[in-house]
Amino acid sequence: MEGLRTGAADQNCDGSISVEEWYAYGKRKVKQEIPAIEPQIYNVKAVQNLALAQAAIDEPQFVYRRQFEFYAGRGEVSPVNQVILDNLQSSLDLDIEMAKIIEAEVSKPGKAYQTKLQEYAMAFVELCAKNIRSVIIYRISFGSFKPP
């Protein structure tokens, strides 16, 4: 619903969000959080151009969100891009608190994914460490064993 509520699903910035645009937005968001999932939509041809909502493409929140998504989509927002975003926020006369809310909303799936990735990496390292200890114990225990 975020894509409809914020207008972020308006892929071509025409002020109208179609079923196809909403699906593409949702798919991108799901893949950011859980890359292994491949969302599908069926019978889209019948309704692909049906407008679901209007996007306020001239509103400062929409303009800022679009630009932040562009920079955040590449991973971390670089210091140079942050300066550009700060200047954009100022030129749009967008409240700094609203800019931070937008940044938090847009960044949430990526941060959740990074957290999960770190948890999996730590579990993998722990598993490897246990297996190495098992191999060492095995070699010590059976190192002197010689087949007949």
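Position 1 is the first residue of the sequence, and the numbers go up from there.
- Take Ser91 and apply the side chain to side chain donor-acceptor pair (under 3.5 Å) test, not counting sequence neighbours, and it matches no residue.
- With sequence neighbours excluded, no residue forms a side chain to side chain donor-acceptor pair (under 3.5 Å) with Gln61.
- Remark: the backbone N or O of Leu94 is paired with a side-chain donor or acceptor of Gln89 at under 3.5 angstrom.
- Looking at heavy atoms from C-beta onward, Glu105 lies in side-chain contact with Arg65 at the 4.5 angstrom threshold.
- Counted within 6.0 Å of NZ on Lys116, heavy atoms from surrounding residues, nucleotides or ligands total more than 12; the atom is thus considered enclosed.
- Evaluation of the side chain to side chain donor-acceptor pair (under 3.5 Å) rule for Glu38 yields Lys27, Lys31 as partners, not counting sequence neighbours.
- Under the side-chain contact (heavy atoms from CB on, under 4.5 Å) criterion, Val80 pairs with Ser78, Ile84, sequence neighbours left out.
- Summarising the geometry, atom CG belonging to Leu92 is positioned 12.0 Å from atom CZ belonging to Phe62; distances are rounded to the nearest 0.5 Å.
- How far CG of Asn87 is from CD of Gln67: 11.5 Å, rounded to the nearest 0.5 Å.
- Judged as a salt bridge (charged side-chain N to carboxylate O under 4.0 Å, His left out), the pairs with a partner in residues 79-101 (not counting sequence neighbours) are, in order, Lys100-Glu103.
- Glu69 is not listed as a side-chain neighbour of Tyr64, based on a closest heavy-atom distance of 4.5 Å or more.
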